[in-house]
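Before any comments, here is the structure.
Here is the naming used below: chain letters follow the sequence lines, and residue numbers restart at 1 for every chain.
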2 protein chains.
Amino acid sequence: MKNLFDSIPDTLDDEWFEELVQGEHVQVERIVSLGHRSPASGWYDQPRHEWVLVLQGEAILTFADGEEVALGAGDHLLIPAHRKHRVEWTTPERPTLWLAVHFQA
Amino acid sequence: MKNLFDSIPDTLDDEWFEELVQGEHVQVERIVSLGHRSPASGWYDQPRHEWVLVLQGEAILTFADGEEVALGAGDHLLIPAHRKHRVEWTTPERPTLWLAVHFQA
């Protein structure tokens, strides 16, 4: 047994991805952000669906189709495969903890 | 966007299962327990792997091989397919909120 809230650093040079579960068709990962955002140019364009849940902290996702979504603790949404998106902002005040489930489209 | 902590009832006759994501090979569900446990006889014997995470509350899982695991907020573990288990106890004091990811073995 492990705990999702363990080992969250106070400082973080880069976003931190940790794989929790790896199956043939699914991957569950923990992501820790601390003021990080996606690179200024370009979008994530992923071949798999991604369901994301924010467990603590705050974040803003932007989609190439113009939608912008602010997420706080407990908020979750499905990002369908190839829906282009980026992490526009995460709070610099404390770590933002995400759970992501990637699965085949 | 939805929030995992929304719509948690104060009373609950039965455990409450809500599907959040359904893929061909994966299912993510929210489970709310309030003092519930598995039926006194028998074990869950599932054909798929199940990764469980407790988001709030407290629970005890028991395995047919004798292991017993107490879970609190943030605790997570993988229950491999066909590892027989049951929910031995959940706190009656407040809702226990689980996230479960079922995926093909």
Side-chain angles (χ1 to χ4, degrees), chain A residues 1-8 18-32 46-63 67-81 83 85 87-88 95 97-105, chain B residues 1-8 18-32 46-63 67-81 83 85 87-88 95 97-105:
Chain A
M1 189 179 69
K2 287 181 164 185
N3 192 289
L4 263 193
F5 299 105
D6 280 353
S7 312
I8 297 178
E18 185 184 9
E19 184 179 291
L20 303 178
V21 173
Q22 177 67 62
E24 193 179 346
H25 304 287
V26 64
Q27 184 194 28
V28 180
E29 62 184 3
R30 182 179 90 153
I31 305 167
V32 185
Q46 303 174 146
R48 295 186 296 177
H49 300 313
E50 180 178 6
W51 179 78
V52 290
L53 162 67
V54 169
L55 292 160
Q56 67 173 46
E58 294 169 75
I60 296 174
L61 291 178
T62 304
F63 295 89
E67 195 185 1
E68 189 172 284
V69 180
L71 299 140
D75 289 331
H76 60 91
L77 84 169
L78 180 67
I79 304 172
R83 187 178 182 202
H85 63 283
V87 178
E88 196 64 35
L97 188 62
W98 310 74
L99 196 75
V101 179
H102 302 270
F103 60 102
Q104 282 191 355
Chain B
M1 189 179 67
K2 288 181 163 185
N3 192 288
L4 262 193
F5 299 105
D6 280 352
S7 312
I8 298 179
E18 185 184 8
E19 185 179 289
L20 304 178
V21 173
Q22 177 69 61
E24 193 178 348
H25 305 287
V26 64
Q27 183 194 28
V28 180
E29 62 184 3
R30 181 180 90 153
I31 306 167
V32 185
Q46 302 174 147
R48 295 187 295 178
H49 301 312
E50 181 178 6
W51 179 77
V52 291
L53 162 66
V54 170
L55 291 161
Q56 67 174 46
E58 294 170 74
I60 296 174
L61 292 178
T62 304
F63 295 89
E67 195 185 1
E68 190 172 284
V69 179
L71 300 139
D75 289 331
H76 61 90
L77 84 170
L78 180 67
I79 305 172
R83 186 177 182 202
H85 63 281
V87 178
E88 195 64 34
L97 186 64
W98 311 74
L99 194 76
V101 179
H102 302 270
F103 60 102
Q104 281 192 357

In terms of heavy-atom pairs under 4.5 Å, which option from L77(B), V21(B), V28(B) contacts chain A the most? V21(B)
Quick check on the structure: residues of residues 54-62 of chain B within a heavy-atom distance below 4.5 Å of chain A, by number. L55(B)
Only heavy atoms, only distances under 4.5 angstrom. Which residues in residues 97-105 of chain B are near chain A? L99(B), V101(B), F103(B), Q104(B)
Please list, chain by chain and in numerical order, all residues satisfying side-chain hydrogen bond (donor to acceptor under 3.5 Å, both in side chains) with H76(B), sequence neighbours excluded.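 For H76(B), the residues satisfying side-chain hydrogen bond (donor to acceptor under 3.5 Å, both in side chains) (neighbours in sequence not counted) are W51(B).
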Are M1(B) and L71(A) side-chain neighbours, meaning at least one heavy-atom pair lies under 4.5 Å?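 The answer is yes; the side chains approach within 4.5 Å.
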Just grab all the salt bridge (charged side-chain N to carboxylate O under 4.0 Å, His left out) pairs involving residues 18-32 of chain A, residues at least two apart or on different chains. E18(A)-R30(A)
